[in-house]
Amino acid sequence: MIFPLTFGLDLETAGVKSEYALQPFRAGSKSGRITAASMAANGKTFGVLNPSIESLRTMLNAAIQSDAYLVGWNTAFDAAWLIAVGLEQEVFQVKWLDSMLLWRHAVVEPEGEDVPRQKRKSYSLESAMKEFYPDDAEFKEFKDFQATDDTSLDLLLHRNEMDALWTLRFAEKFWGMLEGRQQVAALIEARCIPSMAKTKVMGLKASPTAAQELSDRLEAEAASIYKELLDTSPEIEGVNLASSPQLQTLLYDVWKLPVDRFSKKTGAPSTDKYALFDLAFLDPRASLLKKLREAKNNRKKYAIGTLNSLEYNGDGHVRPQAKIFSTYTSRITYGSSDKATIEVVKTTKAKGEVRSTKKVEVPVGIALHQWKRGKEYRRIIQPPPGYLLTEFDFAGQEFRWMAVASGDETMLSLCAPGEDAHSYMGAQIAQRDYRELIKMVKDGDAPAANDRKCGKFCNLSYQFRVSVKTATVKARVEYEMDVDENFIRQSQVIYKGSYPGVGGQPYQRTGGYWASQIEKCKRLGYAETFAGRRVQLTGNWAGRDAWPMESTAINYPIQGTGGDQKYLALAIARNLLPQFGGYFYYELHDGLFFIFPEDKAEVASQVFLTELSSLPYEKAWGVKLPIQFPVDAKIGVSWGDLMDLNKFSLR
DNA sequence: GAGTAGAGCGCC
DNA sequence: AAAGGGCGCTCTACTC
């Protein structure tokens, strides 16, 4: 595909506090503003200082009316400012592109011992200039975004125009580095830019009451556990139980418990939750230590984290910072803070007032992607007043993509409506009848539910090449299964025998997806998703990095396609949302969250359930899939109170 | 005092 | 023989 008609766009911003320049929602309270706006086309630039809303609207309309793409660098940021100043309608009409993301699509990721792993590359425009056009990078040296005098403002405008110009040039350059299917994947991904921009402005409503209650509860719990420990073991007085070395001494030297686990890097005796889990069978105090650490960590990260963010933002909302295409498999990640450069003024006796700058983290958001699954944690996150929260979750997403990738007939057949892959696997392991197990699980039979849980563990854990040791620990601690390594070893043999298309026949390294996928990637030098997104794999397949490279080869099509599927769902959702007055709210990899006005939420959810369960994979990616990818729909008044759509009733 | 490494752990 | 992947956040210990 040739490079389509595209204009470059860039905004500069400032705020009452310098960090507000990076916080588009400050435009609402006039404590942040757009200081310059520039467009670029055909090697020419057009820029204005202190643009009026009308002049910004004119810029967007220029792109809309000529059906041109509008490209920025980290475009969601600029789009968010435009939404924040009142141009939401235009922003959603524009066809956006992002040069930074095109770079990510095009870039070769070196891997392997021959190519030393580089420090994580910065994907800033400045880095791109320095890497590709160092002689032209001078305009980037101007950094006084809070400028007010005329000379500085001229320099600011110059920088702004050059940003727009080079952003456009890079877009064309990176576009040309992509194969046709990579370009299509990038275009579908770019459709989510306005939706992500809108959430940057809106944020998530968070309940300070729920956060405070959680904080109080966890604080009391930690205090009570500590008291219980202190009563039986006065020697913990003065020991920092959050310190691994100090805890190590306590457990293994003072209490003389046996060492069973070691840190991977340093070989020091481990004090992690798996070690404490096993030690608890010998000494109940290990269990108390585990609970104490959890309570303290959870309080800080979730309860206090929310309260801090609410206080910083000051408008009842938290703003976790979404990053599109943040992982090499394309997944979105969220950060809880913004980096800000603030000015500090120190007064000393010798020198009087001394001004300097320092980098700090400001708590604009929360650790959304790590949010604990419990109700009392998830209740903190709510839809805005008058709205309901909905979730659409791809059912068994990775299992299904593995079924397609491997072509395993049993796996594929278990993806048909009415089948239950976890019950199937559970029945194989427990050597009982599959259909009868499904029926007994439905009837609430406890041993049957246990067998299904075991099947679920196997289905989810054995798709990738997990060791017996790791799987045993995981089964015991995370699934609370009373199993040993022997049982896990046998269950892996049963798994392989059940799905020979995945790992090949038991005790063999050939004949399945794992082996054939590794061979394919060795041959091609890259791995590919079903949408055509790629990662380079050109290191030394025989050396020290063989295992991680093979793992990437196996993992990438599964996890990466899950990412592409999410972008496709967001693209389809974007077209449907306005019909119901709905908005994208946030995402959790295989789950998408939207808000709808209360009176439209149920109808909208039915439509979304249907549409997201039948995404246009063939039209978008050019592939015909042998199975469906249904979503489960949930709806409720908070993240912690979601229920199945068909069970929900407001009345 | 600032920055970093390591350990640990939350989610998918 | 050994062997999931992907992240971001918090705390301590340590270095410059």
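A, B, ... follow the sequence lines: proteins, then strands. Residue 1 opens every chain. Both backbone and side-chain heavy atoms feed into the values below; hydrogens, waters and symmetry mates do not.
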Per atom distances to the A:Arg373 side chain, the nearest of C:dA3, C:dG6, B:dC11 is B:dC11
Under 4.0 Å between any heavy atoms, over every strand shown, what does A:Glu294 touch: base, sugar-phosphate, or nothing? Just pick one.
sugar-phosphate
Go through B:dC12, B:dG8, C:dC11 for me and flag the one nearest to the A:Thr271 side chain.
B:dG8
For C:dA2, take OP1 and OP2 only and decide whether either is under 4.0 Å from a side-chain N or O of A:Lys469.
no
Should the ring pair A:Trp639 and A:Trp371 be called parallel, tilted or perpendicular, given that the plane angle runs from 0 to 90° and is split at 30 and 60?
parallel
Touch class at under 4.0 angstrom, heavy-atom based, for A:Ser461 against every strand present
nothing
Base of B:dC12 paired with side chain of A:Arg331 (donor-acceptor, under 3.5 Å):
yes
Categorize A:Tyr462 for me: base, sugar-phosphate, or nothing, with a 4.0 angstrom heavy-atom threshold over every strand shown.
nothing
N/O (side chain, A:Asn240) to phosphate O (OP1/OP2, C:dT12) under 4.0 Å:
yes
Just to be sure I understand the rule, does A:Lys273 reach a base, reach only the sugar-phosphate, or reach nothing, if contact means heavy atoms closer than 4.0 Å?
sugar-phosphate
Between B:dC11, C:dG4, C:dA13, which one does the side chain of A:Phe464 approach most closely?
C:dG4
Could you tell me whether the phosphate oxygens of C:dC7, OP1 or OP2, come under 4.0 Å of any side-chain nitrogen or oxygen in A:Tyr334?
no
Please state whether the phosphate of C:dG6, meaning OP1 or OP2, lies under 4.0 angstrom from any side-chain nitrogen or oxygen of A:Thr329.
no
NA contact type, A:Tyr302, heavy-atom cut-off 4.0 Å: base, sugar-phosphate, or nothing?
sugar-phosphate
For A:Ser263 and B:dG6, is the shortest distance between a side-chain N/O and OP1 or OP2 below 4.0 Å?
no
As a test of reading the structure: which of C:dG4, B:dG10, C:dC7 is closest to the side chain of A:Thr470, going by heavy atoms?
C:dG4
Within 45 degrees of the axis of the six-membered ring of A:Phe394 and under 6.0 Å from its centre: does A:Arg400 put its NZ or CZ there?
no
Just call it for A:Lys474: base, sugar-phosphate, or nothing, with non-hydrogen atoms closer than 4.0 Å on any strand.
base
From B:dA7, C:dC7, C:dG8, nucleotide with atom closest to A:Lys301 side chain
C:dG8
Would one find a side-chain N or O of A:Ser243 under 4.0 angstrom from OP1 or OP2 of C:dA13?
yes
Residue A:Pro245, side-chain heavy atoms: nucleotide from C:dA13, C:dG4, C:dC9 that is nearest
C:dA13
Can we say A:Arg217 and A:Glu221 salt-bridge, meaning some charged N sits less than 4.0 Å from an Asp/Glu carboxylate O?
yes
Between the base of C:dG6 and the side chain of A:Gln559, is there a donor-acceptor distance below 3.5 Å?
no
Ignoring backbone atoms, test whether A:Thr333 places a side-chain nitrogen or oxygen under 4.0 Å from the OP1 or OP2 oxygen of C:dG8.
yes
Looking at A:Ile554, is its backbone amide N or carbonyl O close enough to the side chain of A:Tyr513 to form a donor-acceptor pair, meaning the two atoms are under 3.5 Å apart?
yes
A:Ala206 and A:Ile381 have their tightest heavy-atom pair at CB-CD1, 4.4 Å
Please tell me which of the listed nucleotides, C:dG8, B:dA7, B:dC11, lies nearest to the side chain of A:Thr266?
B:dA7
Sugar-phosphate only, base, or nothing, as touched by A:Gln246 at under 4.0 Å among non-hydrogen atoms
sugar-phosphate
Please check the phosphate of B:dG6 (OP1 and OP2 only) for any side-chain N or O of A:Ser244 closer than 4.0 Å.
no
Please check if the side chain of A:Arg476 supplies one atom and the backbone of A:Val483 the other of a donor-acceptor pair under 3.5 Å.
yes
For A:Arg299, report the nucleic acid contact type (base, sugar-phosphate, nothing); a contact means any heavy atom under 4.0 Å.
nothing
